[in-house]
Amino acid sequence: DQGGIAEAIRHDHTGLLVPPGDAGALAAAMRRIAGEGGLRDSLGAAGFTEAATALNARIQSEKLETLLLSV
């Protein structure tokens, strides 16, 4: 969870966020994903859908254009 990553990843929905530099939290998140096959599949599917519908270049370009034209 550093920089703008939280804008693209929603914790427990499209991925898992851990504090920067917290190796223990990272290890726990990795164990959780490895141990919960359903979680891994649901995060992957939700992440793909989110990227395809909200984070693709066309949509981001349209948002930027709208913002620039409003100034």
S.K.: What pairs meet the salt bridge (charged side-chain N to carboxylate O under 4.0 Å, His left out) rule with one or both residues in residues 16-29, with sequence neighbours excluded?
M.R.: none

S.K.: Apart from Ile33 itself, what residues make up its hydrophobic cluster when side-chain heavy atoms of I, L, V, M, F, W and Y under 4.5 Å apart count as a link, directly or indirectly?
M.R.: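 Same cluster as Ile33: Leu16, Leu39, Leu43.
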
S.K.: Going by the rule side chain to side chain donor-acceptor pair (under 3.5 Å), which residues pair with His13 if we only count those two or more places apart in sequence or in a different chain?
M.R.: Arg10

S.K.: For residues 52-60, which side-chain N or O atoms pair as donor and acceptor with protein atoms under 3.5 Å away, sequence neighbours left out?
M.R.:
{"unit_1": "Thr53", "atom_1": "OG1", "unit_2": "Thr49", "atom_2": "O", "d": "2.8"}
{"unit_1": "Asn56", "atom_1": "OD1", "unit_2": "Arg58", "atom_2": "N", "d": "3.1"}
{"unit_1": "Asn56", "atom_1": "OD1", "unit_2": "Ile59", "atom_2": "N", "d": "2.9"}
{"unit_1": "Asn56", "atom_1": "ND2", "unit_2": "Ala52", "atom_2": "O", "d": "2.8"}
{"unit_1": "Arg58", "atom_1": "NH1", "unit_2": "Glu62", "atom_2": "OE2", "d": "3.0"}
{"unit_1": "Gln60", "atom_1": "NE2", "unit_2": "Ala54", "atom_2": "O", "d": "2.7"}

S.K.: Please enumerate all residues that pass side chain to side chain contact (heavy atoms under 4.5 Å, CB included) together with Ala6, with sequence neighbours excluded.
M.R.: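 With sequence neighbours excluded, Ala6 shows a side chain to side chain contact (heavy atoms under 4.5 Å, CB included) to Asp1, Leu17, given in chain and number order.
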
S.K.: What pairs of residues pass the side-chain hydrogen bond (donor to acceptor under 3.5 Å, both in side chains) test when at least one of them lies in residues 36-45, not counting sequence neighbours?
M.R.: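 Not a single pair qualifies under side-chain hydrogen bond (donor to acceptor under 3.5 Å, both in side chains).
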
S.K.: Which pairs of donor and acceptor atoms, one on a side chain in residues 24-31, lie under 3.5 Å apart (sequence neighbours left out)?
M.R.:
none

S.K.: With sequence neighbours left out, what residues match Asp12 under side chain to side chain donor-acceptor pair (under 3.5 Å)?
M.R.: Arg32

